Amino acid sequence: MAVTGPDNSALVGYVLSLGDDSLVAAQRLAEWIAASPQLEEDVAVGNIALDLLGQARSLLTYAGSLEDPPRTEDDLAYFRDERDFRSVHLVERANGDFGVTMARLLFLSSYHYELYARLQRSADETLAAIAAKAVKEVDYHRDHATMWVLRLGDGTELSHARMQAAVDAEWPYVEELFGNEHLDPALVESGVAVDPAELRGPWREYVAGVLAEATLTLPDVPPAVTGGRRGVHDEQMGYLLAEMQHLARSHPGATW
Amino acid sequence: MYGNDFTAPDEGSREPAEDRLAEFERLLETEGRVEPRDVMPDGYRKTLIRQIAQHAHSEIIGMQPEGNWISRAPSLRRKAILMAKVQDEAGHGLYLYAAAETLGADRGELLDMLHSGRQKYSSIFNYPTLTWADMGAIGWLVDGAAIVNQVPLCRCSYGPYARAMVRVCKEESFHQRQGFEILHTLSHGTEAQKAMAQDAVDRWWWPSLMMFGPTDDASPNSAQSMAWGIKRFSNDELRQRFVDMTVPQAEVLGLTLPDPDLRWNEERGSYDFGEIDFTELFEVIKGNGPCNKQRLAHRVRAHEDGAWVREAADAYAAKQARRTSEVA
């Protein structure tokens, strides 16, 4: 069942929030290509960024198709302003060291895994299909991030300290993933959307297991005040978008 | 050519006994493949290590000028294609370092030689990528020139290198078509897009011709590499092949190649082209190109910034091995 009707805005907003997380995460991860600690990682990070970009393209294409008049994936990626993006702060802040990137990837991919595992049973056929493909990809992302958190956490004294610092720094941005204030409860009730709040438990169980095995301490810090789902972003988001959108906006109407 | 060889062979040799080299000579005569465990002259081994390493270094340094546009690609489709392309280059670097390792080299040592400037990479990557159209021009011209250089390497006498090149060439051929398609879209787009495409071709044409190396009479290492079956055609032969292949494609693109002397020579059945100013190539090789310092500094920084990560991975692997042996 596809939820269509005179007002798709709730569904559009939901799909955009999923697509924007992946798009912005891909943009940040891609910064590691040709800059990662070893050649194998250039390939792996590139692969993960490509998967996320692919998910973003499917989701933005779907969100745009629900609008009237419809918009393309590129209209949505390149011609929306910062306040119209729905991504979380976890994915949009500037990159730190490799440990920070792996902490973020562990948190994001574990969330994605729980999300897409459920969303593949969505009452919305398109979302279900996108999720069914994505869940296989994010399973690999989660595995990759898990392996690195283990190596860095349980590697050298230096890497342990840096990985712990990364986990501590990123932890306050986790809670935003599970917020549901932006979500129309009717979408959850009709089986179209997954309530992010229900992912918190299984997410925590998985991540806590990885951190324990990596000899890292589960942080005990309050969540950061964020507002990505309402379009209130970190200051670094503007620079990310300026770089991403500049060329397309310099040539309005051009095809590439 | 990423795998071009412009410098003189260095130091003395540890030649195997002459009777043991008979098998090597026989392999060369019969167009057979030399494999890692086969006896081979020391000079052959060293030349190959240097050439394969230079080729591998070129692949990984070549990730930078194109990586420069991933964040700014003008559509999500183009962004995905470009990311996949740069990822392919990392993959090529991996196969090539592995091929060099079959000759007894060590990847870490080869990287150290790149970082300290003792080994080179293709000078083409010391030019800046200034506009999106450079992604098209690099694919079409630089990858196009690389293919002309590399297809004969698929028949190189050293087996692991030849086999790596088969796969590399397939992917490069795909990249070349992508580059052509980027330029085709731009040259059929708005006036500004067409001007962007022409400007990129103007900047990349001559450096691409220089990728084939000096003219034959100024190429000291070629004769030995030919005798060893590493090199199959001369620099000038390959350069001519590239020009002949590219001119008709430029016509399809509706773009001009920046050489007033370029014209069809009926008698030779090839295009004549203007004299190449090699002083620039040699300046760039010496380190005075627009991006030499930047490319190397970026590579060294990534390597140094990643040291703690690689050390942690080694330490973790050692701990895991110890744990496994304790359990067993």
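Everything numeric here is computed off the predicted structure, so don't read it as measured data.
A donor-acceptor contact closer than 3.5 angstrom is absent between the side chains of B:Glu172 and B:Gln150. No side-chain donor-acceptor contact under 3.5 Å links A:Gln55 and A:Asp51. Under 3.5 Å, the side chains of B:His92 and B:Glu171 contain a donor-acceptor pair of N or O atoms. A donor-acceptor pair shorter than 3.5 Å can be found between the side chains of B:Tyr121 and B:Asn126. Inspection of the A:Tyr62 and A:Asp124 side chains reveals an N or O donor paired with an N or O acceptor under 3.5 Å. Side-chain contact, A:Gln27 with B:Lys79: a donor N or O sits under 3.5 Å from an acceptor N or O.
Using a 4.5 Å cut-off between heavy atoms, B:Arg77 touches chain A through backbone and side chain atoms alike. With a threshold of 4.5 angstrom between heavy atoms, A:Ala35 approaches chain B through its backbone and through its side chain. With a threshold of 4.5 angstrom between heavy atoms, B:Leu76 approaches chain A through its backbone and through its side chain. Only the side chain of B:Arg78 comes within contact range of chain A, judged by heavy atoms closer than 4.5 Å. Only the side chain of A:Trp148 comes within less than 4.5 Å of a heavy atom of chain B; its backbone N, CA, C and O stay farther away. Within the 4.5 angstrom heavy-atom criterion, only side-chain atoms of A:Leu53, from C-beta onward, approach chain B. For chain B, no part of A:Thr72 is nearby; none of its heavy atoms comes within less than 4.5 Å. Contact of A:Leu150 with chain B is made through backbone and side chain together, with heavy-atom distances under 4.5 Å. For B:Met135, no part sits under 4.5 Å from any heavy atom of chain A, backbone or side chain. Only the side chain of A:Tyr78 has a heavy atom closer than 4.5 Å to any heavy atom of chain B. Proximity to chain A (any heavy atom under 4.5 Å) is restricted, for B:Leu186, to the side chain, taken from C-beta onward. With a 4.5 Å cut-off on non-hydrogen atoms, B:Thr190 touches chain A through its side chain but not through its backbone.
For the options B:Val309, B:Thr185, B:Asp314, heavy-atom pairs under 4.5 Å to chain A are most numerous at B:Val309. The greatest number of non-hydrogen atom pairs below 4.5 Å with chain A, out of B:Gly67, B:Gly306, B:Ser75, B:Pro74, is found for B:Pro74. No other option in B:Arg299, B:Gln64, B:His188, B:Lys319 has as many heavy-atom pairs under 4.5 Å with chain A as B:Lys319. Highest contact tally toward chain B, considering only A:Leu39, A:Leu247, A:Asp97, is held by A:Leu39 [criterion: heavy-atom pairs under 4.5 Å]. Taking chain B as the reference chain and counting heavy-atom pairs below 4.5 Å, the highest number among A:Leu240, A:Leu158, A:Leu152, A:Leu23 is found for A:Leu152. The most heavy-atom pairs under 4.5 Å with chain A, out of B:Ala312, B:Gly91, B:Ala80, B:Ala90, come from B:Ala312. With chain B as partner, the option from A:Asn47, A:Val45, A:Leu50, A:Leu60 having the largest number of non-hydrogen pairs under 4.5 angstrom is A:Leu50.
For the pair A:Asp42 (side chain) and A:Ala34 (backbone), a donor-acceptor distance under 3.5 Å is present. The backbone N or O of B:Gly93 lies less than 3.5 Å from no partner atom in the side chain of B:His57, so there is not a single donor-acceptor pair.
A:Trp32 has its side chain out of reach of A:Glu41: every pair of non-hydrogen atoms, C-beta onward, lies at least 4.5 Å apart. With a 4.5 Å cut-off on side-chain heavy atoms, B:Leu110 and B:Arg107 do not count as touching.
Just one residue in the list A:Gln236, A:His233, A:Glu170, A:Glu235 forms a side chain to side chain donor-acceptor pair (under 3.5 Å) with A:Arg93, and that residue is A:Glu170.
Below 30°, between 30° and 60°, or above 60°: for B:Trp69 and B:Trp132 the angle between ring planes is above 60°, a perpendicular geometry.
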